[in-house]
Amino acid sequence: MSEDRKLGDSYFQNPDVVHLAADLLGKNLYTLIDGELCSGIIVETEAYRGPEDTGSHAYGGRCTTRNASMYKAGGIIYMYVCYGIHDMLNIVTGEEGSSHAILIRAAQPSHGIDIMRERRQVFNDDRRLCKGPGSLARAFGLNKQHDGESLSATLVWIEDSGWKPQAGEVLSAPRVGLNIGEPFRSIRWRFYLSNNPYVSVKSKDAVPL
DNA sequence: GCGACGATCATCT
DNA sequence: GATGATCGTCGCG
């Protein structure tokens, strides 16, 4: 933890959500919830690009009470409930009025692992703690109540570790779980670190970024 | 290790 | 009333 490594609004307000989704790999995600500090290295993300992306909750300019956070300025989180059970963590990006977001799908735990095990009730395989977006949010103590929280506050934030992936280490692949038509069904807007055991889904269609 | 399946409810129509 | 940016379990072999 160090204040000078914390990513600020200017980072998240970059207009290119696809670039940012890949760039977040290797960054450290932190939460300080119920007095418990947790952190992990982001290893898998997905980009959702504004009104033209049929996979996005903001497709066609849709704006409801659920997804209103997507239209705020970059640098806050968008949380929503999926399948009535799982809370999903998204990073809102771009300028105010745009509706881009990045789903954080998996992380490699580095701090607060005991708390993560307890929250997840998983005690025999740490690789599973933050594998998949629903698991990750639960391990970090995040839920829909945190929708709209700022990444420049002290509850949830992201830091640049200084780590950079090697050439070819970042793979791009189709997004997971979307029942939509082409071209967005197959577009490679999911990014993950190759050979990382904490990634939730590996794809045959993956290609180096 | 992998495919099938049911759980479960907020949100939208 | 239908749907879903998922997950854990079960059967398999």
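Reminder, nothing fancy here: chain letters follow the sequence lines and each chain counts from 1.
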>> Tell me which pairs pass side chain to side chain donor-acceptor pair (under 3.5 Å) where either residue lies in residues 85-104 of chain A, with sequence neighbours left out.
In response: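 Non-adjacent pairs meeting side chain to side chain donor-acceptor pair (under 3.5 Å): zero.
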> Which residue pairs pass the side chain to side chain donor-acceptor pair (under 3.5 Å) test when at least one of the two sits in residues 36-48 of chain A, sequence neighbours left out?
Replying inline: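 The answer is S39(A)-S110(A), E44(A)-R105(A), E44(A)-R190(A), E44(A)-S200(A), E46(A)-Y48(A).
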> Between K131(A) and D126(A), does a salt bridge (charged side-chain N to carboxylate O under 4.0 Å, His left out) hold up when you go through it step by step?
Replying inline: CA-CA 9 Å; K131(A) 179 180 287 218; D126(A) 290 346; over 6 Å; no
> What parts of residues 133-150 of chain A reach DNA chain C, counting only heavy atoms under 4.0 Å away?
Replying inline: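 Hits under 4.0 Å, by residue number: P133(A), G134(A), S135(A).
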> Which residues within residues 56-69 of chain A lie with some heavy atom under 4.0 Å of an atom in DNA chain C?
Replying inline: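 Within this stretch, H57(A) sit under 4.0 Å of the strand.
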>> If only side-chain N and O atoms count, and only distance matters, is there a donor-acceptor pair under 3.5 Å linking D23(A) with Y11(A)?
In response: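 Yes, side-chain donor-acceptor contact under 3.5 Å.
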>> Within residues 83-115 of chain A, which residues have any heavy atom lying less than 4.0 Å from an atom of DNA chain B?
In response: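 Listed by number, they are Y83(A), G84(A), I85(A).
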> Got a sec? Which of residues 187-209 of chain A come in under 4.0 Å of DNA chain B, heavy atoms?
Replying inline: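 Those residues: none at all.
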Shortest non-hydrogen separation from [X] to [Y] and the atoms involved:
X	Y	result
H146(A)	I33(A)	CE1-CD1, 4.0 Å
P197(A)	R127(A)	CB-CD, 4.0 Å
A139(A)	C130(A)	CB-SG, 3.8 Å
I91(A)	L151(A)	CG2-CD1, 3.7 Å
E52(A)	R49(A)	OE2-NE, 2.8 Å
A137(A)	M79(A)	CB-CE, 4.3 Å

>> By nearest heavy atom, map R128(A) and M70(A) onto DNA chain C; which one lands nearer the 5' end?
In response: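 Its nearest nucleotide being more 5', the pick is M70(A).
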> E182(A): what forms a side chain to side chain contact (heavy atoms under 4.5 Å, CB included) with it, not counting sequence neighbours?
Replying inline: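 Partners of E182(A) by the side chain to side chain contact (heavy atoms under 4.5 Å, CB included) criterion, ordered by chain and then number, come out as R185(A), S186(A).
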> First contact, last contact: which nucleotides of DNA chain B are these for chain A, 5' to 3', heavy-atom distance under 4.0 Å?
Replying inline: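 On DNA chain B, the outermost contacted nucleotides are dA7(B) to dT13(B).
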>> Go through it in stages, so that I can follow the logic: the residues are L7(A) and K27(A), the test is side chain to side chain contact (heavy atoms under 4.5 Å, CB included), and I'd like the CA-CA distance, side-chain angles, deciding distance and then a yes or no.
In response: CA-CA 9 Å; L7(A) 298 176; K27(A) 303 289 191 290; 4.2 Å; yes
> Less than 4.5 Å apart, any side-chain heavy atom of H111(A) and any of C38(A)?
Replying inline: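 Side chain of H111(A) against side chain of C38(A), heavy atoms only: no contact under 4.5 Å found.
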> Of all nucleotides in DNA chain C with an atom under 4.0 Å from a non-hydrogen atom of chain A, which is the first and which the last going 5' to 3'?
Replying inline: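 Under 4.0 Å from chain A, the extent on DNA chain C is dG4(C) to dG8(C).
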> Can you name the side chain to side chain donor-acceptor pair (under 3.5 Å) partners of N195(A), sequence neighbours left out?
Replying inline: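 Listed in chain order: nothing, the list is empty.
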> With distance as the sole test, does K6(A) use its side chain to make a donor-acceptor pair with the main-chain N or O of D160(A) at under 3.5 Å?
Replying inline: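 No, the answer is negative, given that no donor and acceptor are paired below the 3.5 Å cut-off.
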> For the hydrophobic clusters of this structure (ILVMFWY residues joined by side-chain heavy atoms under 4.5 Å, transitively), does one cluster hold both V17(A) and L178(A)?
Replying inline: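 Yes, one cluster joins them.
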>> Starting from Y59(A), can I reach W189(A) by hopping between I/L/V/M/F/W/Y residues whose side chains sit under 4.5 Å apart?
In response: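 Different clusters.
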> Reading DNA chain B 5' to 3', what string of ( ), [ ], | and . shows its pairs, if Watson-Crick and G-U wobble pairs count only when both distances fall under 3.5 Å?
Replying inline: |||||||.||||.
> With a 4.0 Å cut-off, would you call D125(A) and R128(A) a salt bridge?
Replying inline: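 Between R128(A) and D125(A) there is no salt bridge, as every charged N stays at least 4.0 Å from the carboxylate O atoms.
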> Taking only residues two or more places apart in sequence, or in another chain, which ones meet Y80(A) in a ring pair (Phe, Tyr, Trp, His ring centres under 6.0 Å)?
Replying inline: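 Here the qualifying residues are H57(A), Y78(A).
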>> Evaluate V18(A) against F191(A) for side chain to side chain contact (heavy atoms under 4.5 Å, CB included), listing each step before the verdict.
In response: CA-CA 9 Å; V18(A) 176; F191(A) 302 96; 3.7 Å; yes
> When all nucleic acid strands are considered with a 4.0 Å heavy-atom cut-off, which category describes G132(A): base, sugar-phosphate, or nothing?
Replying inline: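 Since only primed, P, OP1 and OP2 atoms lie under 4.0 Å of G132(A), the category is sugar-phosphate.
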